[in-house]
Amino acid sequence: MTTLQDILTASTGNWTLAPDRSTVTFRNKTMWGLATVTGRFAEFRGEGRANGGVSGRVVINAASLRTGIRKRDEHLRSADFFDVDNHPEITVEVSDAQPSGPADARLAATLTVRGATRPIELPVSVQVLDDGAVQMAGQCTVDRGEFGVSGNLLGMVGPATALSATLVFVRA
């Protein structure tokens, strides 16, 4: 059985995110919990390093969000939500990884949205793919109000946003 330590040892070096093999999505309850808005970010880049520890950075183009409804996407890009004109990027900076299972880890990271930076813990599963690429998949929930993402007309939009990603890194 491959353990996280085996993966980290075999993965020492610099890595580049492969956006064409990766996904970054979000999910938020709306309509007082009766409906769920789901979306994805189409443009992002990143890099990582494994060398006894783990570090990395993923930068997401906030304007690349897509929910499938053009008017809603425009509103989400507005100052009510992501304010992409003033805050074009969302960043995740990973500073450490601690094993939490045979091929699972908890990443210590910071998330920056709309200029607000908060620490987050990202539980992820890690696996080496057949071509030697490393895939990390995980999800966390954040309080969007902590990042200044308001846009809550009449209390319709719930405060919790689920962020999910499946990221594939290839050797740099």
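Quick note: residue numbers are just sequence positions, from 1. Small disclaimer: the values here were computed from a predicted structure and weren't measured. Below, each value reflects all heavy atoms present in this structure, side chains not excepted, and no hydrogens, waters or symmetry copies.
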Q. Can you say whether the rings of Phe41 and Phe82 are parallel (under 30°), tilted (30 to 60°) or perpendicular (over 60°)?
A. perpendicular
[atom1] of [X] to [atom2] of [Y]: how many Å apart, nearest 0.5 Å?
X	Y	atom1	atom2	result
Ile90	Leu111	CD1	CG	7.5 Å
Arg66	Thr25	CZ	OG1	15.0 Å
Cys140	Leu122	SG	CG	5.0 Å

Q: Look at the side-chain heavy atoms of Ile, Leu, Val, Met, Phe, Trp and Tyr, link any pair under 4.5 Å apart, and say whether Val168 and Leu17 land in one connected group.
A: no
Q: Examine Val59 and Val84 and state if one hydrophobic cluster contains both, with Ile, Leu, Val, Met, Phe, Trp and Tyr joined whenever side-chain heavy atoms are less than 4.5 Å apart.
A: no
Could you check whether any side-chain heavy atom of [X] comes within less than 4.5 Å of a side-chain heavy atom of [Y], counting everything from C-beta outward?
X	Y	answer
Asp96	Gln98	yes
Gln135	Thr166	yes
Met136	Leu107	yes
Phe169	Thr16	no
Phe44	Ser22	yes
His87	Val113	no
Leu163	Val142	yes

For residues [X] and [Y], is any side-chain donor paired with an opposing acceptor at under 3.5 Å?
X	Y	answer
Asp73	Thr67	yes
Ser64	Glu43	no
Thr38	Arg27	no
Asn28	Thr161	yes

Q.
If you count heavy atoms of other groups shown closer than 6.0 angstrom to CG of Asp20, is the number above 12?
A. yes
Q. Within the side chain of Arg21, is there an N or O that forms a donor-acceptor pair under 3.5 Å with the backbone of Ala133?
A. no
Q.
Is it the case that the side chain of Arg49 and the backbone of Asn14 share a donor-acceptor pair, with hydrogens and angles ignored and the cut-off at 3.5 Å?
A. no
Q: Give the intermediate values and the outcome of side chain to side chain contact (heavy atoms under 4.5 Å, CB included) for residues Leu65 and Arg77.
A: CA-CA 8 Å; Leu65 72 88; Arg77 291 182 192 112; 4.2 Å; yes
Q) Yes or no on side chain to side chain donor-acceptor pair (under 3.5 Å) for Thr12 and Asn51, after CA distance, side-chain angles and deciding distance? A) CA-CA 5 Å; Thr12 297; Asn51 188 13; 5.3 Å; no
Q: Test Leu167 against Val58 for side chain to side chain contact (heavy atoms under 4.5 Å, CB included), laying out the working first.
A: CA-CA 10 Å; Leu167 304 176; Val58 175; 3.9 Å; yes
**Q.** Closest non-hydrogen atom pair, Pro123 against Glu121
**A.** CD-O, 3.5 Å
Q. Of Arg45, Arg114, Arg57, which is the lone residue that meets salt bridge (Lys or Arg N to Asp or Glu O under 4.0 Å) with Glu89?
A. Arg45
